[in-house]
Structures are given as C-alpha cells and as structure tokens.
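Everything below concerns the one structure shown next.
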Amino acid sequence: MPEKVRTYLDWNATAPLSAAARQAVLAALALDGNPSSVHGEGRAARALIDGARRDVAALAGAEAAHVTFTSGATEAANMVLTPDFRMGRTPLSIGRLYVSAIEHPAVREGGRFGKDKVTEIPVTPVGVVDLAALEHLLATHDASAGLPMVAIMLANNETGIVQPVREAAAIVRRHGGLLVVDAVQGAGRLPLSIADLDADFLILSSHKLGGPKGAGALVARGEVLMPKPLIHGGGQEKGHRSGTENVSAIAGFAAAARAAIEGMDGRNIGIAGLRDRMEAGMAEIAADVVIHGRLPGRDVSRLCNTTFFSLPGLKSETGQIAFDLEGIALSAGSACSSGKVGASHVLTAMGFDAGLGALRVSLGATTSEADVERFLAAFGRIAGRRRHGVAAA
Ligand code: PLP
C-alpha cells in the first residue's frame with residue numbers, strides 16, 4: 001500500500017527542524033569541551049556560543065552582550081516576569097504585572113508574580129490589545145509598591161494578529177514602566193528590533209524558527225536593568241542563568257536565526273501568497289467560514305502564515321481529528337499538554353462564546369502549493385460532511 005502523504009500545517013506549534021539547524025546541532029555535538037573550561041576544547045565550545053549569541057542578537061536587532069540563553073521561551077518568561085530586578089547594584093521592585101488577555105500561558109501565568117499582583121489588559125473584539133484600557137490601568141497604578149511591568153506579545157500564536165507594541169511602549173514609557181515582549185511568533189516573520197519596538201526585554205524560542213526544541217533566549221535592551229536570576233549555580237551567562245549551556249541546541253538555534261534573517265522578505269511574501277490562496281479557497285468552498293482577524297471592515301494586521309478559522313457546526317476537537325484522519329496536521333490553537341482541546345482563551349477574550357470551535361492552520365518555509373491543495377480538498381470534504389451532520393457535533 002502506498003504510504004499516506006502527511007501535510008504538516010502546524011508551524012506555530014513547532015516548525016520542523018531545518019536542514020541547516022540539524023547540521024549545526026550535529027556539528028556541535030562533536031565538540032567535547034565545556035564552554036566554561038579554559039582549555040582548547042572548552043574554548044571551541046565557548047567560541048561557538050559567542051557566535052550563536054551574535055546570530056540571535058541579529059535576529060532581535062539587539063547587541064550580543066544582551067542575549068541570555070535559556071531552555072526556551074517559557075523559561076525566559078519565568079526569568080523576566082519577576083517583582084525583583086536590579087538596576088546595576090541597586091534593587092528595583094516591580095509592583096504589578098499587566099499582561100494582555102491573549103498572551104501565551106508562558107506569560108499569562110505571570111511568572112514569579114503572585115496571582116494577586118497580575119492584572120489582565122483586555123483586548124478589543126478584533127483581537128488587538130486595548131490601548132485605552134492599558135492607559136487607564138497604568139494611570140491608576142499604585143506606584144507605592146513598585147513600578148508597573150507590562151507584557152504584550154508581538155503576534156498572537158492562535159490568531160496571528162499583530163499587536164500594537166510600539167503604541168503600547170509609548171504608553172508604558174509615559175508611566176515609567178517596563179515592557180516585556182513575547183516575540184516568539186513574530187521573530188522571522190516580522191522585522192524585529194528591540195530598540196524600534198522600544199521594549200525592555202524580548203522573549204525568543206528556537207523551535208518556532210526551525211531550530212531544535214529546548215532553546216530560547218531573553219534579550220535585554222541594555223546590561224544594567226536585569227531580573228533576579230531564576231536559576232542559580234555556577235554563574236554561567238554572566239550569572240543571569242546558571243547551568244552548563246546546551247551547546248548543540250544553541251548552535252541549532254543560531255543556525256535557525258541566521259536562516260530566518262536571510263531571505264526573510266521573499267520567503268514571507270511566498271508564504272503570504274499561499275495563505276491568501278488557501279483562504280480564498282476556503283471561502284469558495286464554505287461561504288460561512290469565519291476567518292478571525294479578517295472580517296469585512298474589521299481587518300487587522302496578521303502574520304503571513306496563520307489562519308484561525310471557525311466553521312459553524314464544527315467543534316475544534318471534531319475538526320482537528322477529522323483533518324488528522326485526512327492526513328493534515330493542524331491545531332485547535334489552544335491545546336494543553338494533555339492534548340485535550342479547551343476553549344480558546346484568545347477567542348473568549350475577543351468576546352466570542354466559549355463554545356465556539358476554531359482551528360488554526362499555520363504554514364512555513366517548506367509549505368507548498370500541493371500542501372494547500374491537499375488542505376483545501378480535505379476542507380471541502382469536512383465542510384460537506386458537516387452540512388450533512390456527520391462531522392458536526
Ligand atoms: N510564547 C508563544 C507566543 C508561544 O507560541 C510559545 C510556544 O507555544 C511559547 C511562548 C513557549 O515557547 P517554548 O516552547 O520555547 O517554551
């Protein structure tokens with residue numbers, strides 16, 4: 001029997017390991033030294049990490065000295081979301097964390113802030129953070145307990161909707177706060193510069209870019225303002241993150257960062273073309289499909305690769321399984337680690353009913369026209385069955 005073709009359209013969950021990243025990982029695995037050792041073997045590993053730091057800094061428009069490698073974006077978020085900072089040698093307290101209601105759980109959980117010290121910033125019905133609400137929250141912030149910290153993502157992982165980070169930064173600055181930007185989904189898909197965004201910190205993840213899982217970074221604007229370390233020990237990463245560096249994962253992360261920078265514009269135009277073709281096809285097949293972020297008169301800026309849609313009568317879980325049986329890997333946008341599909345906190349924050357089903361298709365560098373055609377054929381069959389009440393639940 002011929003092997004069934006699988007079509008991977010879940011790049012926002014994780015991007016397949018790129019050939020360049022795989023090669024870099026394998027080459028780094030051949031290095032025997034500990035990067036903290038002074039001998040030649042150690043120095044070779046250190047040189048690799050120094051180069052990787054420059055590559056990741058270039059992706060973030062930052063300085064290499066301001067990049068701290070972590071085990072991923074979740075760790076970077078837990079490192080930076082803390083009430084305890086230092087400004088040089090002087091302790092600095094953050095009194096309250098304001099997080100947008102659509103943040104990834106890695107940020108939305110509030111890191112090391114107590115639950116009573118975290119306030120959600122609402123989003124508007126079109127899925128962008130409500131800047132008037134942010135202004136009001138910061139204007140009424142009680143500064144006696146410390147400065148405000150604000151966390152707003154660059155682009156949402158479920159909807160792909162790009163957030164008004166620069167505008168938010170202007171508000172945060174006016175109120176003397178700190179701004180943390182989860183740039184995990186935007187990196188490589190949007191031009192990225194920590195200075196242009198006027199953010200204090202960026203959070204990055206390797207595996208969304210085609211690098212290996214288990215590597216990420218906290219990128220700082222400068223060297224003076226830094227959070228109290230999350231992981232203590234041997235003082236690696238200038239004392240900001242102890243533990244022997246994951247040399248091979250960092251090497252793969254850097255290769256993915258280099259590839260993300262090279263040819264970014266051309267690649268993303270190609271991906272956007274496929275996404276547009278796919279969305280047009282979906283609307284032809286099912287006129288009642290709702291593409292979130294693409295409603296007439298309520299269009300917002302979205303990532304080039306993401307389509308988050310609802311089909312009346314199709315539940316997330318049913319739809320996800322139906323597509324999987326068709327050989328298409330996509331996701332319900334909001335899946336917890338058990339694999340169980342919960343209501344999307346992003347859609348509920350946008351004011352949709354918690355029971356609304358939605359599915360996310362996310363494309364990437366190797367997605368082809370044939371992948372889109374296979375998706376549309378499956379979409380047609382599933383939408384048709386739904387009309388006849390089979391896939392509907
Ligand atoms: N932030 C966003 C927006 C994400 O999409 C993800 C991954 O799903 C994370 C953070 C967590 O990244 P990591 O898997 O590197 O911890």
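Counting begins at 1 with the first residue of the sequence. As the structure lists them, so they are numbered: ligands from 1, and atoms in each ligand from 1. This one's a predicted model, so the numbers in the text were calculated from it and none came from an experiment.
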- Item | Ionic contact status for Glu245 with Arg46, cut-off 4.0 Å | yes

- atom 3 (C) of ligand 1 has as its nearest protein heavy atom Asp182 OD2, 3.3 Å

- Query: How far is atom 4 (C) of ligand 1 from its nearest protein heavy atom, and which residue and atom is that?
  - Reply: His104 CD2, 3.3 Å

- Message: Using a 4.0 Å cutoff against the non-hydrogen atoms of Gly72, which atoms of ligand 1 qualify?
- Response: 15 (O)

- Task: Can you measure from CZ (Phe323) to CD1 (Ile382) and round to the nearest 0.5 angstrom?
- Result: 4.0 Å

- May I ask you to identify the nearest protein heavy atom to atom 16 (O) of ligand 1, giving residue, atom name and distance to one decimal place in Å? Thr74 OG1, 2.6 Å

- Query: With atoms numbered from 1 as shown, which atoms in ligand 1 lie under 4.0 angstrom from a non-hydrogen atom of Asn157?
  - Reply: 3 (C), 5 (O)

- Query: What protein heavy atom sits nearest atom 12 (O) of ligand 1, and how far away is it?
  - Reply: Ala73 CB, 3.3 Å

- Message: So that I know where these two stand, are His207 and Phe253 an aromatic pair - ring centroids less than 6.0 Å apart?
- Response: no

- Task: Tell me which protein heavy atom sits closest to atom 5 (O) of ligand 1, plus the residue, atom name and distance to 0.1 Å.
- Result: Gln185 NE2, 2.8 Å

- Message: Only heavy atoms of Met153, strictly under 4.0 Å: list the atoms of ligand 1 that pass.
- Response: 3 (C)

- Task: Please state whether His207 comes within less than 4.0 angstrom of ligand 1, counting heavy atoms only.
- Result: yes

- Return yes or no for this condition: an N or O of Ser205 is under 3.5 Å from an N or O of ligand 1. yes

- Ion pair present between Arg174 and Glu135, side-chain N to carboxylate O less than 4.0 angstrom? yes

- Message: Could you check whether atom CZ of Arg166 has more than 12 heavy atoms from other residues, nucleotides or ligands sitting under 6.0 Å from it?
- Response: no

- So, for Ala349 and Ala101, which heavy atoms are closest and what is the spacing to 0.1 Å? CB-CB, 3.9 Å

- Message: Under the side chain to side chain donor-acceptor pair (under 3.5 Å) test against Asn12, which residue among Arg189, Glu158, Lys208 passes?
- Response: Arg189

- Do the ring centers of Phe309 and Phe379 come within less than 6.0 Å of each other? yes

- Message: Under a 4.0 angstrom heavy-atom cut-off, which atoms of ligand 1 come close to Lys208?
- Response: 5 (O), 6 (C), 7 (C), 8 (O)

